[in-house]
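The structure appears right after this line, and notes come after that.
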Amino acid sequence: MVTMGTRIRWDRVGRIALLCVLAFIVYLYIGPARTWVATWGEAKERRAQVADLRAENAELRARQRQLRRDAQLEREARRLGMVKAGEKVYAIEGLPK
């Protein structure tokens, strides 16, 4: 004897199975999507860093070109306290800053 209360409703089982499969597919896409978004943000930061480093590199190359000139190189050396061979050095102390 088969009672009516124990009858399996295959249409409901099919819908539940379909929902489970769809949920699993969405779950599989969420991880890579989050990784892609994080990587995209990090790449944006890295591009900004590269731009800053390129600007700094351009400034340093300009400074290098300036220091290749003898007059500029001598001016910089004197600013650092260097003197030419044979020059007399006078140290003055106690001056107000």
Side-chain angles (χ1 to χ4, degrees):
M1 275 198 175
V2 176
T3 61
M4 295 301 267
T6 60
R7 186 171 168 217
I8 296 175
R9 306 241 355 225
W10 290 108
D11 58 337
R12 285 188 182 176
V13 172
R15 285 184 203 145
I16 292 172
L18 181 63
L19 284 175
C20 289
V21 168
L22 289 176
F24 183 68
I25 290 172
V26 168
Y27 172 75
L28 290 176
Y29 275 98
I30 287 175
R34 282 194 344 225
T35 303
W36 182 82
V37 169
T39 304
W40 185 74
E42 187 176 332
K44 186 177 178 182
E45 292 173 9
R46 298 285 186 236
R47 282 191 293 272
Q49 287 177 350
V50 167
D52 292 343
L53 290 173
R54 284 187 177 160
E56 183 180 349
N57 192 2
E59 291 173 9
L60 290 173
R61 286 187 190 276
R63 180 81 172 130
Q64 181 185 28
R65 282 191 300 276
Q66 285 178 348
L67 290 176
R68 285 187 182 153
R69 289 184 246 141
D70 291 337
Q72 182 66 27
L73 186 60
E74 184 177 346
R75 197 173 311 129
E76 185 68 20
R78 293 209 182 267
R79 186 183 70 79
L80 293 173
M82 297 180 180
V83 294
K84 288 184 179 180
E87 287 183 337
K88 291 186 178 182
V89 179
Y90 297 97
I92 302 173
E93 296 177 4
L95 293 175
K97 293 184 179 183

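Counting begins at 1 with the first residue of the sequence.
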* Any residue meeting salt bridge (charged side-chain N to carboxylate O under 4.0 Å, His left out) with Arg65, in chain and number order, not counting sequence neighbours ->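 With sequence neighbours excluded, Arg65 shows a salt bridge (charged side-chain N to carboxylate O under 4.0 Å, His left out) to no residue whatsoever.
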Linked hydrophobic residues, [X] as query - side chain contacts closer than 4.5 Å:
X: Leu18; result: Leu22
X: Ile25; result: Val21, Tyr29
X: Tyr90; result: none

* Does any non-hydrogen side-chain atom of Glu56 lie less than 4.5 Å from one of Leu60? -> yes
* Any side-chain heavy-atom pair from Arg61 and Asn57 closer than 4.5 angstrom? ->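 They are in side-chain contact.
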* To do: Can you run down the salt bridge (charged side-chain N to carboxylate O under 4.0 Å, His left out) pairs that involve residues 30-52, sequence neighbours left out, and say none if there aren't any?
  => Glu42-Arg46
* Write out all pairs satisfying salt bridge (charged side-chain N to carboxylate O under 4.0 Å, His left out) with one or both partners inside residues 74-83, taking only residues at least two apart or from two chains. =>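 Residue pairs passing salt bridge (charged side-chain N to carboxylate O under 4.0 Å, His left out), neighbours aside: Arg63-Glu76, Glu74-Arg78, Glu74-Lys84, Glu76-Arg79, Arg78-Glu87.
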* **Least distance between heavy atoms, Leu73 atom then Leu67 atom** =>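 That would be CB-O, 3.6 Å.
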